[in-house]
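Before any comments, here is the structure.
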Amino acid sequence: MSVDSVLNPFSSIATADIDKLRARLLELNYQEATFHKILPAFMQGDPTLGGAFPVLQHIKTPDPGLATMILLFVGELPVAETDCRVALGEALFEALLAADFLKRSEAGTITCPLALISIKDIYIVADRATDNSPELVKHLVMAAGPSSVTLANATPRRRVRKALDIGCGGGVQSLQLAKHVDHVVGVDINERALNLGRFAAQLSGAANIDFRYSDFFSAVEGEKFDLIVANPPFVISPESTSQYRDGGLGGDRVTETVIRNAGAFLEEGGISVTVCEWASLLGASANERMQQWTAGNGCDVWISYGTPVEPSRYALTWLQGDQRRLSLAEYSRKYDRWVAHYEALGMQSMQTGLVVMRKRTGENWFYADEAPDEMRGQWGSTLLMMFDLLDNIKNSSLDQLLDQSYRLAPQARMRHLLAQDGARWGQISAELLLEEPLNYTGRVDHHIAKLCARCDGTVTLRQLLLELAESVGRPFEKILDAAMPVLMGLLTRGFLIPASIVPPVKETAPTA
Ligand SMILES: C[S@@+](CC[C@H](N)C(=O)[O-])C[C@H]1O[C@@H](n2cnc3c(N)ncnc32)[C@H](O)[C@@H]1O
């Protein structure tokens, strides 16, 4: 494969033919919503359909053309040429074949070298990880992986003027942004990714994305954005094999580069959301380092971080995928190289997280909290609410917090754990949890549990604590000292919401 054909595949395909392909896909209902109806439940929610290809061979669709498209574009399976001609129509079939978007095998069947995936109502095209040529491995364009989904779900979907997608790859974020942002700039150093992104934008009918070659922020110097999203190649390693995974900067410099710079490109009130990984060093915890990287950038910072893992486990997690391709000796050498890299940098543990920044004039705050057990569905408007909650806490004295009334979040639930107690079940603990979107849990005693249930937005927290003090016959100050640490946790995590803040309604996908 020539470098040119790697960087600009299907350059000969006419825009009109991409439009025809789009029209045909829409006509066949080649869309995620349709897949949900016809595929078994275990394959849903995963745009690559979990690689369960044999299942696809047995799917039943109202139009056989749809089954052919699913086998060809998602299933990585060869289809009969006659079926493909019927599904696409003669003229379009010939055009796609001539442009190498379709390939004829010696056995006379047809395959597609790319995956064409429907996410909600957009189309993305991505590489299959089957070709091992170094040039293609370097420029591989990933489909939507777990980090892509995490980022897309966290992204606030309010309408804004201008957004930047750092490391846009094949455009999975940019295309979703294009639904609620007037003008999207997607930047990447991978020309192949940019070209596949342009192809996908045409295929998705999105005309408001500007795909630019850029080393991080280099091609947007001087520009400001209302929203920045980044799913950079954050894997902490000494590698530079694949651009989508290895930033090639060593250590966690990719995360540092994005975090250190994003603030300067935000409009006042603008938000950046970055999914990334970073390490703790001897003498500096991961969150302290993040605080150093963001200090003085004019942004409030909200971080949700996962459980830190030790370097050897981190290396194994990322190297697992390579195990199949390498001999035992090669695999061991690679592992040793990664671990030596961490040792040389003094890395103690690694963590994954979402780093969200909001540009705001004034004294900025920094808040880092452990990630909830799960982040369910789209929750960008809840993310915006978390900033409102933190603003309220940071701007209020204790008295001001006590004199507000709060509502218990509509998604709050109480879970009791019971154990045998004589001849009956006795309660041993109670846990307050948020069902969605941020599935936080927290132990509470029955006094706090009762207090939370009374939070209906009409009674101040002070009043509720005074009543509690009276009911247990203890001074208010003592009750305050005991209850406040727990209550602060409930306030910052959104269990208790000030009556002045309206909690968001459950989110659905953005539409144009
Ligand atoms: C993990 S992929 C993310 C792709 C897509 N945005 C998503 O969410 O699935 C990281 C992307 O960052 C790009 N990248 C790597 N180094 C970069 C750099 N120095 N500047 C800009 N983009 C870069 C890679 O080519 C790749 O497309």
Side-chain angles (χ1 to χ4, degrees), residues 6-7 46-48 114-115 117 119-120 122-127 129 135-155 163-178 181 184-201 204 206 209-221 223 227-237 239-262 265 272-278 318 321 352-355 378 380:
V6 168
L7 299 187
D46 175 356
T48 60
L114 292 178
I117 294 163
I119 298 178
K120 305 203 172 82
I122 61 165
Y123 294 118
I124 61 164
V125 282
D127 282 309
E135 206 49 46
L136 198 56
V137 168
K138 181 175 172 196
H139 294 98
L140 204 80
V141 180
M142 63 182 262
S147 58
S148 324
V149 176
T150 300
L151 177 60
N153 283 345
T155 300
L164 173 65
D165 176 9
I166 291 284
C168 61
V172 62
Q173 309 297 337
S174 294
L175 284 157
Q176 293 178 74
L177 291 171
V181 178
V184 181
V185 180
V187 298
D188 209 290
I189 44 158
N190 182 350
E191 289 280 12
R192 180 179 176 84
L194 293 167
N195 283 317
L196 292 190
R198 290 177 188 119
F199 182 100
S204 302
I209 310 175
D210 173 7
F211 287 99
R212 292 187 203 165
Y213 180 90
S214 178
D215 186 358
F216 296 114
F217 298 88
S218 63
V220 292
E221 273 308 326
E223 292 181 54
L227 179 60
I228 298 177
V229 298
N231 175 13
F234 52 67
V235 179
I236 304 169
S237 85
E239 300 293 330
S240 50
T241 324
S242 290
Q243 287 172 330
Y244 81 91
R245 191 191 70 175
D246 319 307
L249 301 183
D252 51 15
R253 289 289 304 283
V254 165
T255 294
E256 181 178 351
T257 303
V258 173
I259 297 297
R260 274 194 190 278
N261 290 288
F265 294 87
S272 77
V273 188
T274 305
V275 57
C276 54
E277 294 182 347
W278 71 108
W318 279 108
T352 189
L354 263 179
V355 180
Q378 291 203 198

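In listed order, ligands and their atoms are each counted from 1.
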Search all heavy atoms of [X] against all heavy atoms of [Y] and return the closest pair with its distance.
| X | Y | result |
| --- | --- | --- |
| G170 | A200 | O-CB, 4.1 Å |
| L175 | I124 | CD1-CG2, 3.7 Å |
| A262 | I228 | O-CD1, 3.6 Å |
| L177 | A163 | CD1-CB, 4.1 Å |

Return a yes/no value for [X]: is any of its N or O atoms, backbone included, closer than 3.5 angstrom to an N or O of ligand 1?
| X | answer |
| --- | --- |
| Y244 | no |
| G167 | yes |
| N190 | no |
| S147 | no |

Discussion item. So, taking the atom named OG1 in T150 and the one named CG in N231, what distance separates them when rounded to the nearest 0.5 Å?
Written reply: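 Taking OG1 in T150 and CG in N231, the distance rounds to 8.5 Å.
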
Among all the protein's non-hydrogen atoms, which is closest to [atom], and how far away is it?
| atom | value |
| --- | --- |
| atom 20 (N) of ligand 1 | F216 N, 2.7 Å |
| atom 25 (O) of ligand 1 | D188 OD1, 2.6 Å |
| atom 10 (C) of ligand 1 | N231 O, 3.2 Å |
| atom 9 (O) of ligand 1 | S148 OG, 2.7 Å |
| atom 17 (C) of ligand 1 | I189 CG1, 3.2 Å |

Worksheet item: If you count the non-hydrogen atoms of other residues, nucleotides and ligands that lie under 6.0 Å from CZ in R253, is the total more than 12?
Response: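 Open: at most 12 neighbouring heavy atoms sit under 6.0 Å from CZ of R253.
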
Item to complete: Start with the C-alpha distance between F216 and N261, add both sets of side-chain angles, then the distance that settles side chain to side chain contact (heavy atoms under 4.5 Å, CB included), and finish with yes or no.
Response: CA-CA 9 Å; F216 296 114; N261 290 288; over 6 Å; no

Proximity flag [X] to ligand 1, non-hydrogen atoms under 4.0 Å:
| X | result |
| --- | --- |
| V172 | yes |
| C168 | yes |
| S214 | yes |

Which atoms of ligand 1 are found less than 4.0 Å from any heavy atom of [X]?
| X | result |
| --- | --- |
| D215 | 18 (C), 19 (N), 20 (N) |
| M142 | 1 (C), 2 (S), 9 (O) |
| G169 | 27 (O) |

Fill in: Part of Q243 within contact of ligand 1 (heavy atoms, under 4.0 Å)
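For Q243, backbone and side-chain atoms both sit under 4.0 Å from ligand 1.
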
Worksheet item: Does ligand 1 have a heavy atom under 4.0 Å from the side chain of R245, from its backbone, from both, or from neither?
Response: neither

Discussion item. For a side chain to side chain contact (heavy atoms under 4.5 Å, CB included) check, start with the C-alpha distance between F217 and L164, then their side-chain angles and the critical distance, and finish with the verdict.
Written reply: CA-CA 10 Å; F217 298 88; L164 173 65; 4.0 Å; yes

Discussion item. For N190 and Y244: C-alpha separation, side-chain torsions, deciding distance, then whether side chain to side chain contact (heavy atoms under 4.5 Å, CB included) applies.
Written reply: CA-CA 8 Å; N190 182 350; Y244 81 91; over 6 Å; no

Worksheet item: Going by distance alone, is a donor N or O of one side chain under 3.5 Å from an acceptor N or O of the other, for W318 and E277?
Response: yes

Worksheet item: Just checking, any donor-acceptor pair under 3.5 angstrom between side chains of R198 and N195?
Response: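 Yes, N195 and R198 have a side-chain donor paired with an acceptor closer than 3.5 Å.
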
